[in-house]
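Only one structure is covered here, and it is reproduced in the block below.
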Amino acid sequence: MTHPIRIGIGGWNYEPWEETFYPEDVAKKRQLEYASQQLTAIEINSTFYRNQKPHVFENWASQTPDGFRFTVKAQRFTTSRKTPDEMKEAIDWFVGGGVTKLGDRLGAINWQFPKGRTFDADYFSAFLERLPKEHDGVALRHAIEVRNETFKTEEFTDLLTQHDCALVFSDAEDWPMPDVETAGFAYARLQESRETYKAGYAPKALDGWAGKLKAWAKTRDVYAFFISGAKARDPLAAMALIERVGR
């Protein structure tokens with residue numbers, strides 16, 4: 001028995017998707033409802049820039065079907081704190097701000113660090129120790145997104161394993177990160193879609209990703225998102241990959 005594979009995109013409001021993804025009769029206020037019926041996950045990006053009210057998260061969850069999952073990007077200031085006390089204050093503020101109103105629709109929180117952040121064992125040990133395992137009765141999973149070669153070390157992956165945090169996989173040309181099994185789930189951000197392909201990636205490339213995600217799902221839940229690249233193509237890429245792995 002394999003673990004679930006959930007595939008989606010970043011957000012659901014993007015004007016070009018009204019031409020490439022959403023039917024003409026789908027009103028803007030129903031775009032999330034429609035997207036959640038075509039995809040199996042969405043990464044909420046807006047929370048990276050500003051938090052949302054608890055009732056907004058609750059409303060988003062209510063528009064999606066059973067089995068659907070959101071992941072949420074933590075607000076950017078949370079990953080720039082300097083001291084352990086500042087880290088805890090920022091993390092607690094974000095986690096307590098309403099994200100758990102997603103309830104069982106909450107898949108994971110993505111803590112994205114700036115490109116300039118390099119690996120420091122003491123710093124990341126302090127940060128990971130302050131990530132809560134649950135809040136308001138909702139279990140929390142944490143994914144750590146870093147963008148620097150200094151993180152490709154056994155010491156860092158050992159820290160992630162110790163705290164059951166996933167390392168965010170990236171296929172981005174300028175900052176690729178490998179898949180390393182450090183938690184009970186995998187988290188991939190696929191960022192090399194191209195306008196030259198209707199579904200963003202060549203069919204053979206999508207076949208390859210389907211095989212890779214299925215391999216990961218032998219031991220872990222899997223989240224995979226098409227982000228950036230040729231963004232107008234990302235929903236089609238996600239649907240093509242869902243078809244290859246099965247819902």
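- Counting only distance, with no hydrogens or angles, the side chain of D164 and the backbone of G184 share a donor-acceptor pair below 3.5 Å.
- In this structure, Q191 and S170 have side chains that are in contact, with non-hydrogen atoms separated by less than 4.5 Å.
- Rounding to the nearest 0.5 Å places CZ of R6 at 11.0 Å from CD1 of I242.
- By the neighbour-count criterion of 12 heavy atoms within 6.0 Å, atom CD of E19 is sparsely surrounded, having that number or fewer from other residues, nucleotides or ligands.
- Taking the six-membered ring for Trp and thresholds of 30 and 60 degrees, W209 and Y201 have ring planes more than 60 degrees apart, a perpendicular arrangement.
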Quiz item: Taking it one step at a time, do V138 and V99 satisfy side-chain contact (heavy atoms from CB on, under 4.5 Å)?
Solution: CA-CA 10 Å; V138 177; V99 65; over 6 Å; no
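- The two residues P65 and S36 come nearest to each other via the heavy atoms CD-OG, 3.3 Å.
- Minimum interatomic distance between P176 and D174 (heavy atoms only, all atoms of both residues): CD-C, 3.7 Å.
- Cation-pi contact between K231 and W17: present, with separation from the ring centre below 6.0 Å and deviation from the ring axis of at most 45°.
- Of the residues F151, F124, W175, F119, the one that meets the ring-ring contact (aromatic ring centres under 6.0 Å, His included) test with F113 is F124.
- A cation-pi arrangement is absent between R141 and Y223 under the rule of less than 6.0 angstrom and at most 45 degrees off the ring axis.
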Quiz prompt | CA sep, side-chain torsions, deciding dist, call: V146, M177, side-chain contact (heavy atoms from CB on, under 4.5 Å) | solution = CA-CA 8 Å; V146 291; M177 292 300 294; 3.8 Å; yes
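- F94 has its ring centre no less than 6.0 Å from the ring centre of F77.
- When atom types are taken as modelled, the side chain of E33 and the backbone of R30 share no donor-acceptor pair closer than 3.5 angstrom.
- Aromatic ring pairs are classed by plane angle as parallel below 30°, tilted from 30° to 60° and perpendicular above 60°; the pair W216 and F169 is perpendicular.
- Side-chain atoms of T71 and N110 include no donor-acceptor pair closer than 3.5 Å.
- For the pair T47 and R76, the minimum side-chain heavy-atom distance is 4.5 Å or more.
- Classification of the Y123-F127 ring pair by plane angle, with boundaries at 30° and 60°, yields parallel.
- At distances below 3.5 Å, not a single donor-acceptor pair connects side-chain atoms of H163 with backbone N or O atoms of A183.
- Partner of D179 under the salt bridge (Lys or Arg N to Asp or Glu O under 4.0 Å) criterion, out of R189, K212, R220: R220 alone.
- Here L131 contributes atom CG and I109 contributes atom CD1; the two are 8.0 Å apart, rounded to the nearest 0.5 Å.
- Summarising the local packing, CD of Q37 is surrounded by more than 12 heavy atoms from other residues, nucleotides or ligands at distances under 6.0 Å.
- Side-chain contact between D221 and R69: absent, with no pair of heavy atoms (C-beta onward) separated by less than 4.5 Å.
- Side-chain contact between R233 and E195: present, with at least one pair of heavy atoms (C-beta onward) separated by less than 4.5 Å.
- Using a distance-only test at 3.5 Å, with no hydrogens or angles considered, no donor-acceptor pair links the side chain of Q52 to the main chain of G98.
- Using a 4.5 Å cut-off between side-chain heavy atoms of Ile, Leu, Val, Met, Phe, Trp and Tyr, with links allowed through other members, V222 and L241 fall into the same hydrophobic cluster.
- More than 12 heavy atoms of other residues, nucleotides or ligands sit less than 6.0 Å from atom CD of E18.
- T20 places a side-chain N or O within donor-acceptor distance of the main-chain N or O of A232, the cut-off being under 3.5 Å.
- Contact check for Q112 versus T79: no side-chain heavy atoms found under the 4.5 Å cut-off.
- The closest donor-acceptor contact from the side chain of S62 to the backbone of N59 lies under 3.5 Å.
- Residues L159 and T182 have side chains not in contact (no heavy-atom distance under 4.5 Å, counting atoms from C-beta outward).
- Note that CG of D66 is 7.0 Å distant from CG of D104, once rounded to the nearest 0.5 Å.
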Quiz prompt | CA sep, side-chain torsions, deciding dist, call: L39, M239, side-chain contact (heavy atoms from CB on, under 4.5 Å) | solution = CA-CA 6 Å; L39 311 171; M239 289 190 291; 3.8 Å; yes
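- The environment of NZ in K133 is crowded: more than 12 heavy-atom neighbours from other residues, nucleotides or ligands sit within 6.0 Å.
- With a 4.5 Å cut-off on side-chain heavy atoms, T150 and F156 do not count as touching.
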Quiz prompt | Evaluation steps, side-chain contact (heavy atoms from CB on, under 4.5 Å), between L32 and I42 | solution = CA-CA 9 Å; L32 171 57; I42 284 176; 3.9 Å; yes
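- Linking ILVMFWY side-chain heavy atoms closer than 4.5 Å, directly or via other members, places I91 and L160 in a single hydrophobic cluster.
- Minimum interatomic distance between G96 and H135 (heavy atoms only, all atoms of both residues): CA-NE2, 3.6 Å.
- Of all heavy-atom pairs spanning L140 and T100, the tightest one is CD2-CG2, 4.0 Å.
- Under the 4.5 Å side-chain heavy-atom criterion for grouping Ile, Leu, Val, Met, Phe, Trp and Tyr, F21 is not connected to F225 through any hydrophobic cluster.
- Within the model, atoms CG of N148 and NZ of K115 stand 11.0 Å from one another, a figure rounded to the nearest 0.5 Å.
- Note that the OG1 atom of T157 and the CD1 atom of I144 stand 13.0 Å from one another [nearest 0.5 Å].
- Cluster annotation: V26 is connected to L236 through the hydrophobic network of ILVMFWY side chains, with a link wherever side-chain heavy atoms come within less than 4.5 Å.
- Here the straight-line distance linking atom OG of S125 with atom CG of D158 works out to 12.0 Å at 0.5 Å rounding.
- F226 and F185 fall into different hydrophobic clusters, where Ile, Leu, Val, Met, Phe, Trp and Tyr side chains are chained together by heavy-atom contacts under 4.5 Å.
- Nearest heavy atoms, A143 versus V168: CB-CG2, 3.7 Å.
- Nearest heavy atoms, R50 versus Q75: C-NE2, 3.5 Å.
- If you run ring-ring contact (aromatic ring centres under 6.0 Å, His included) between W12 and each of Y34, Y22, W60, only W60 comes through.
- Side-chain atoms of R81 and K88, non-hydrogen and from C-beta on, never get closer than 4.5 Å to each other.
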